[in-house]
Peer 1: 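The following block contains the structure, expressed as structure tokens.
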Amino acid sequence: MTLSNTLVALAAHPQGMVKESDMTLQTAPVPALQDGQFLVKNEIISLDPAIRGWMNPGTTYIRGIQIGEVIRTFSAGQIIESKHPDFQVGESVWGLLGAQQYALSDGAGIVKADLAKGPLSWHLGVLGMPGMTAYFGLLDKGKPQAGETVLISGAAGIVGTTVGQIAKIKGCRVVGIAGGPDKCRFLTEEMGFDAAIDYKNENVLEGIRYTCPDKVNVFYDNVGGDILDDALSHLAWGARVVLCGSISQYNSTDPHGPRNYMKIVTARGYITGVIVFDYFNRYAEGINDISAWIHAGQMHTREDVYEGLENFPATLLKLYTGQNFGKLLLKV
Ligand SMILES: NC(=O)c1ccc[n+]([C@@H]2O[C@H](COP(=O)([O-])OP(=O)(O)OC[C@H]3O[C@@H](n4cnc5c(N)ncnc54)[C@H](OP(=O)(O)O)[C@@H]3O)[C@@H](O)[C@H]2O)c1
């Protein structure tokens, strides 16, 4: 029997702020399984800020989504049919399986989810791609040392909260920048941050000077724009600036880079970028450490879960207006 697949496809390359009408819900038959392939029934879809960049035409570190193609997402589910020697029916997996009910895969880039380490949804968040971004971006690129100050923008999101908690475990002073009093309270009262700056209601540069009296040794940037310039103004000697994302610029028709870049020179620091895919072969390291920290009560995670593929477009938009509070997920 041929299965019918419901999927969210790209209807138009967004101009400026992404709109619901840039995406469309469609149905299509699931193609027959070939040797070396398996079929996944997606249970949860991850909504990640990078999707906005992937909707642009052209190629950056990954090919842009073409009009009519399923929206590229990390998704997690169970294998229901397999002609692949390494993937068995009943196994839970996650990877770039798309905003759809069913996904065919040849196993490239697919990770088996060890449910003993946490529920499937965590494998799209703290134990998944965003958790790995935080782990390797901070530890491999930021190289935090005990006693140093780590400043994080976009701090209340899944990457930011994971970075901050790892930095605390490594003995750092941790300051987060987030939008609104609720997210700032969450950072200091639930995520163990030492201080938080509300960029929507405070002067960010003054907040950084006040909360980072010894200046900033590691700036982990998820936001870009003016917040990046403010952080560059207050770097300690030898500071490391990790560019992870620039969500303030993703929907801009005229994105701008840092104006204060010469501060890197006076601080004898460096700016570096991180792309999580480069660490694929080391994910097990990050997954093992993070799950151990969670089970030891040293780390926590928060999820923001919606339901129904038809709600994918409206849910995605929440990321770019700060309406999500925790890892944004959609149950299929
Ligand atoms: N380099 C990589 O390999 C890689 C991998 C994964 C993620 N990332 C990047 O990591 C960053 C965080 O991702 P995430 O999954 O943890 O998302 P998230 O923080 O859970 O959600 C996005 C948050 O960004 C903030 N935001 C939205 N528009 C903003 C603006 N104009 N100015 C300032 N903040 C804004 C909002 O928080 P507020 O309410 O606080 O404004 C929103 O809740 C993103 O930039 C993403 O692209 C990079």
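Note that ligands are numbered from 1 as they come in the structure, with each ligand's atoms numbered from 1 the same way. Any value given below was found using the heavy atoms of this structure, including those in side chains, with hydrogens, waters and symmetry copies removed. Remember, it's a predicted structure, so these values are computed and weren't measured experimentally.
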Peer 1: Regarding ligand 1, does Val223 bring an N or O atom to under 3.5 Å of one of the ligand's N or O atoms?
Peer 2: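 N/O-N/O distance below 3.5 Å does not exist for this pair.
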Peer 1: With side chain to side chain contact (heavy atoms under 4.5 Å, CB included) as the test, pick out the partner of Leu97 among Thr73, Ile45, Val40.
Peer 2: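 The single option meeting the side chain to side chain contact (heavy atoms under 4.5 Å, CB included) with Leu97 is Val40.
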Peer 1: Any salt bridge linking Lys168 with Asp194? Criterion: basic side-chain nitrogen under 4.0 Å from a carboxylate oxygen.
Peer 2: yes
Peer 1: Could you see which bit of Met129 sits under 4.0 Å from ligand 1, with heavy atoms only: side chain, backbone, both or neither?
Peer 2: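 Only the side chain of Met129 comes within reach of ligand 1.
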Peer 1: For atom 47 (O) of ligand 1, grab the closest protein heavy atom and report residue, atom and distance to one decimal in Å.
Peer 2: Tyr250 OH, 2.7 Å
Peer 1: Can you tell which part of Tyr320 has a heavy atom less than 4.0 Å from ligand 1: side chain, backbone, both or neither?
Peer 2: backbone
Peer 1: Looking at ligand 1, does any of its N/O atoms fall within less than 3.5 Å of an N/O of Lys200?
Peer 2: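 N/O-N/O distance below 3.5 Å does not exist for this pair.
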Peer 1: Could you label the plane-to-plane angle of the Phe186 and Phe325 rings as parallel, tilted or perpendicular, counting under 30° as parallel and over 60° as perpendicular?
Peer 2: perpendicular
Peer 1: Does any N or O of ligand 1 fall below 3.5 Å from an N or O anywhere on Ile227, backbone included?
Peer 2: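 N/O-N/O distance below 3.5 Å does not exist for this pair.
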Peer 1: Parallel, tilted or perpendicular: which fits the ring planes of Trp54 and Tyr61, with parallel below 30° and perpendicular above 60°?
Peer 2: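 Geometry flag for Tyr61 against Trp54: perpendicular rings.
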Peer 1: List the steps and the verdict of side chain to side chain donor-acceptor pair (under 3.5 Å) for Thr149 and Asp214.
Peer 2: CA-CA 7 Å; Thr149 297; Asp214 298 327; 5.3 Å; no
Peer 1: Provide the closest heavy-atom pair for Cys172 versus Pro144 in the form atom of the first, atom of the second, distance.
Peer 2: SG-CB, 3.7 Å
Peer 1: Is ligand 1 under 4.0 Å from a heavy atom in the side chain of Pro130, in the backbone, in both, or in neither?
Peer 2: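 Looking at Pro130 and ligand 1, no heavy atom falls under 4.0 Å.
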Peer 1: Distance to 0.1 Å, residue and atom name: give those for the protein heavy atom nearest to atom 43 (O) of ligand 1.
Peer 2: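 For atom 43 (O) of ligand 1, the nearest protein heavy atom is Asn324 OD1, 2.5 Å.
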Peer 1: Thinking salt bridges, do Asp48 and Lys327 make one under a 4.0 Å N-O criterion?
Peer 2: yes
Peer 1: Answer yes or no: does an N/O atom from Ala156 fall short of 3.5 Å to an N/O atom of ligand 1?
Peer 2: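 Such a contact does not occur with ligand 1.
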Peer 1: At a non-hydrogen distance cut-off of under 4.0 Å, which region of Leu319 contacts ligand 1 (side chain, backbone, both, or neither)?
Peer 2: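 Both parts.
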Peer 1: One residue to check: Ala155. Relative to ligand 1, which of side chain, backbone, both or neither has a non-hydrogen atom less than 4.0 Å away?
Peer 2: neither
Peer 1: What part of Thr133, side chain, backbone, both or neither, has a heavy atom within less than 4.0 angstrom of ligand 1?
Peer 2: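 Near ligand 1, Thr133 shows its side chain, while the N, CA, C and O stay back.
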Peer 1: Say whether Val276, considering both its backbone and side-chain N or O atoms, lies within less than 3.5 Å of an N or O atom on ligand 1.
Peer 2: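 Right, the criterion is met.
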Peer 1: Hey, mind stepping through Arg259 and Asp226 against salt bridge (Lys or Arg N to Asp or Glu O under 4.0 Å) and telling me if it holds?
Peer 2: CA-CA 9 Å; Arg259 287 178 290 254; Asp226 295 340; 3.1 Å; yes
Peer 1: May I ask you to test the Trp293-Gln165 pair for a side-chain heavy-atom distance under 4.5 Å?
Peer 2: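 Not in contact.
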Peer 1: Would you indicate whether Tyr210, at its atom OH, is surrounded by more than 12 heavy atoms from other residues, nucleotides or ligands within a distance under 6.0 Å?
Peer 2: no
Peer 1: On the ring face of Tyr320, is Arg52 found with NZ or CZ under 6.0 Å from the centre and within 45° of the axis?
Peer 2: no
Peer 1: Any N/O of Tyr199 closer than 3.5 Å to an N/O of ligand 1?
Peer 2: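 Tyr199 vs ligand 1: N/O contact under 3.5 Å present.
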Peer 1: Identify the closest protein heavy atom to atom 8 (N) of ligand 1: which residue and atom is it, and at what distance?
Peer 2: Cys244 SG, 3.7 Å
Peer 1: Taking non-hydrogen atoms only, is Lys183 closer than 4.0 angstrom to ligand 1 via side chain, backbone, both or neither?
Peer 2: side chain
Peer 1: Would you mind finding which of Asp226, Asn222, Ile158 brings a heavy atom closest to atom 10 (O) of ligand 1?
Peer 2: Asn222
Peer 1: Under 3.5 Å, N or O to N or O, is Val274 touching ligand 1 that way?
Peer 2: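 Yes, at least one N or O pair falls under 3.5 Å.
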